[in-house]
Novice: 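Handing you this structure, nothing more for now.
In listed order, ligands and their atoms are each counted from 1. The first residue of the sequence shown is numbered 1, and numbering continues consecutively from there.
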Amino acid sequence: MIEIETTGRIEASIEVPGSKSLTQRALITAALAGGKSRLIGPLESEDTEYSSGALAQMGVTIEKGKDWIIMGNGGKVQPADNPIFLGNNGTATRLLTSVAALGKSAFIIDGDPRMHQRPIGPLMSALKGWGVDIVSVKGTGCPPLKINEKGLDGIAGGETVLPEGKSSQYLSSLLLVAPYAKKKAVLRVEGEVLSKPYVAMTLAVMADFGILVECSKDYSYFEIPQGCYQSREYRIEGDASNSSYFWAAAAVTGGTVTVTNVPVPSLQGDAMLVPLLGRMGCEVRQVGGGISVTGPDRLEGITVDMGNMPDVVPTLAVVAAFAHGKTVINNIAHLRIKECDRLSAVVTELTRLGANVEEKEDSMVIHGNGGQGLHGGEIETYEDHRMAMSMAVAGLRVPGVKITGESCVAKSFPDFWERFRLLYIKG
Ligand SMILES: O=C(O)C1=C[C@@H](OP(=O)(O)O)[C@@H](O)[C@H](O)C1
Ligand SMILES: C=C(OP(=O)(O)O)C(=O)O
């Protein structure tokens, strides 16, 4: 357990580790490329360890130093001797399922008990439409999965339908492997696509590695050309989701924090948290290659649709607890299928600290009164890194906030606590 210390106005400048989403995408495109790629500034964490380990099981050579060197296999995925275990890494589970489907042998994709509750049925259905043999072992539409048990070979391609876009990871997964289908791949998506900026990020990384996808503006239709990714040197942006805790620290203490390595514009949709902090009263500026946030004397509540940036909802909710007036966060039902049921967890833990918060089916309402009446407490983190990191921000203003299960930050930000401590321990 960690107890956070309260502090006055924070003045800090920080370089955050590389983006989890970009690292995993670039790993996959580099692994499927022909030739040698170099990733500059990749994220070293539990989740990226799972992804790179899985790709190594599929025969890809990855040398990890400060940069990562990847020898691409040109799309020739090798058999894995053992099941591929991905913990609670939703991104890798969804993205690498399709990579395994490119292989000619059987694969088992598995994860931890929470991953056994996180759906993947819509992706399975779309892959079946491309001729892939894939089953959910327990018949739950969740992992573990068996792929290619009948000895079918690769992805046939043609047209398929993704029946639901509640996780953008289904769509990213299909797009990343589609160039390697035997016939040109076409993809139709039914229903609203949530977390859209992650799809844009996938398309951008594919383009950077030489594959240009044609699509409709609303992401309901895609045509993916056949081809092979081109190996290259690729620089990973700092992680915007993980920067959010530092920007939020500035917002709630009335100080200034500059994150030096999340650029404007960023490939990461979560960088759009910054304008939301601006709407709440913060001053936001582009500084060199980074973004600076200064907290105001008085934060104001806002109404916002966060369907496109689920991972920074806990951060905004914590800031809202220090604002004046009501903050309504809409369109966030997909928070319920993350590392934990994050919608419910955020409401429960903010309530534990004395905040007035309502949980609705797909939204939450925070009734802020400038942080008055908030008090300390032992925060449960539900093995969810974002719960731990976001609730720590409250402890900068409220005495006695203790974070239990703090090691869960290893998923995306192993040295988070060392860096966060620098905000309140001086010298
Ligand atoms: O593609 C990605 O890298 C991610 C997509 C998002 O998931 P959903 O699309 O399931 O909302 C996000 O929550 C996750 O942390 C990373
Ligand atoms: C939801 C997250 O990750 P994933 O879906 O990859 O487990 C996250 O990092 O907040």
Novice: Any heavy atom of Leu194 sitting closer than 4.0 Å to ligand 1?
Specialist: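 Outside the 4.0 Å threshold, so no.
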Novice: Side chains of Ser344 and Arg336 only: does a donor on one sit below 3.5 Å from an acceptor on the other?
Specialist: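 No, no side-chain donor-acceptor contact under 3.5 Å.
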Novice: Please state which protein non-hydrogen atom is closest to atom 5 (O) of ligand 2 and give its distance, to 0.1 Å?
Specialist: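 Result: Arg118 NH2, 2.8 Å.
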Novice: His116 and Asp110: side-chain donor and acceptor closer than 3.5 Å?
Specialist: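 There is such a pair (donor and acceptor under 3.5 Å, judged by atom type) between the side chains of His116 and Asp110.
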Novice: Is ligand 1 under 4.0 Å from a heavy atom in the side chain of Met201, in the backbone, in both, or in neither?
Specialist: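 Neither; no heavy atom under 4.0 Å.
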Novice: Counting only heavy atoms closer than 4.0 Å, does ligand 1 sit against the backbone of Ser168, its side chain, both, or neither?
Specialist: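 Under 4.0 Å from ligand 1, Ser168 contributes backbone and side-chain atoms.
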Novice: Considering the heavy atoms of Asp311, write down every atom of ligand 2 situated less than 4.0 Å from one of them.
Specialist: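 Counting atoms of ligand 2 from 1, those under 4.0 Å from Asp311 are 1 (C), 8 (C), 9 (O), 10 (O).
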Novice: Just jot down the ligand 2 atoms closer than 4.0 angstrom to any heavy atom of Lys411, in number order.
Specialist: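 Heavy-atom distances to Lys411 below 4.0 Å select 3 (O), 4 (P), 6 (O), 7 (O).
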Novice: Is it true that, when you exclude Glu361 itself, more than 12 heavy atoms of the residues, nucleotides or ligands shown sit nearer than 6.0 Å to its CD?
Specialist: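 Check fails, neighbour count at 12 or below.
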Novice: Which residue owns the protein heavy atom closest to atom 9 (O) of ligand 2, what's the atom, and how far is it?
Specialist: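 For atom 9 (O) of ligand 2, the nearest protein heavy atom comes out as Lys20 NZ, 2.9 Å.
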Novice: Classify the angle between the aromatic ring planes of Phe222 and Tyr219 as parallel (below 30°), tilted (30 to 60°) or perpendicular (above 60°).
Specialist: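 Geometry flag for Tyr219 against Phe222: parallel rings.
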Novice: Quick one: does ligand 1 sit under 4.0 Å from the side chain of Arg25, the backbone, both or neither, non-hydrogen atoms only?
Specialist: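 It is the side chain that gets close, since no backbone atom is under 4.0 Å.
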Novice: Measure Arg114 to ligand 2 on non-hydrogen atoms and call it side chain, backbone, both or neither using the 4.0 Å cut-off.
Specialist: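 No part of Arg114 is near ligand 2 at this cut-off.
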Novice: Can you report which non-hydrogen protein atom sits closest to atom 6 (O) of ligand 2, along with the distance?
Specialist: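 Protein heavy atom with the smallest distance to atom 6 (O) of ligand 2: Thr91 OG1, 2.5 Å.
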Novice: I'd like to know whether NZ of Lys196 has more than 12 heavy-atom contacts from other residues, nucleotides or ligands below 6.0 angstrom.
Specialist: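 Enclosed: over 12 neighbouring heavy atoms sit under 6.0 Å from NZ of Lys196.
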Novice: Is the closest basic N to carboxylate O distance between Lys184 and Glu223 below 4.0 Å?
Specialist: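 Salt bridge: yes.
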Novice: Do we see a donor-acceptor contact under 3.5 Å between the side chains of Arg94 and Asn89?
Specialist: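 There is no such pair (donor and acceptor under 3.5 Å, judged by atom type) between the side chains of Arg94 and Asn89.
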Novice: Can you find an N/O atom of Asn88 closer than 3.5 Å to an N/O atom of ligand 2?
Specialist: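 Yes, at least one N or O pair falls under 3.5 Å.
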Novice: Identify, for atom 2 (C) of ligand 2, the protein heavy atom at the shortest distance, and state residue, atom and that distance.
Specialist: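 Looking at atom 2 (C) of ligand 2, the protein heavy atom closest to it is Glu339 OE2, 3.0 Å.
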Novice: Are any of the side-chain heavy atoms of Thr91 and Asp47 separated by less than 4.5 Å?
Specialist: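 SC-SC contact between Thr91 and Asp47 ruled out.
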Novice: What residue and heavy atom of the protein are closest to atom 10 (O) of ligand 2, and at what distance?
Specialist: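 Closest protein heavy atom to atom 10 (O) of ligand 2: Arg386 NE, 2.6 Å.
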Novice: Run the numbers for me: atoms of ligand 2, each under 4.0 Å from some heavy atom of His385, listed by number.
Specialist: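 Under 4.0 Å from His385, ligand 2 has these atoms: 8 (C), 9 (O), 10 (O).
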Novice: Classify the ring geometry of Phe416 against Tyr245: parallel below 30°, tilted from 30° to 60°, perpendicular beyond 60°.
Specialist: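 Perpendicular, since the angle between the ring planes exceeds 60°.
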Novice: Can you figure out which of Lys20, Gln169, Lys338, Met309 has its heavy atom closest to atom 11 (O) of ligand 1?
Specialist: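 Checking each option, the heavy atom nearest atom 11 (O) of ligand 1 is found in Lys338.
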Novice: Under 4.0 Å from any heavy atom of Lys338, which atoms of ligand 2 are there?
Specialist: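 Selected atoms, number and element: 1 (C).
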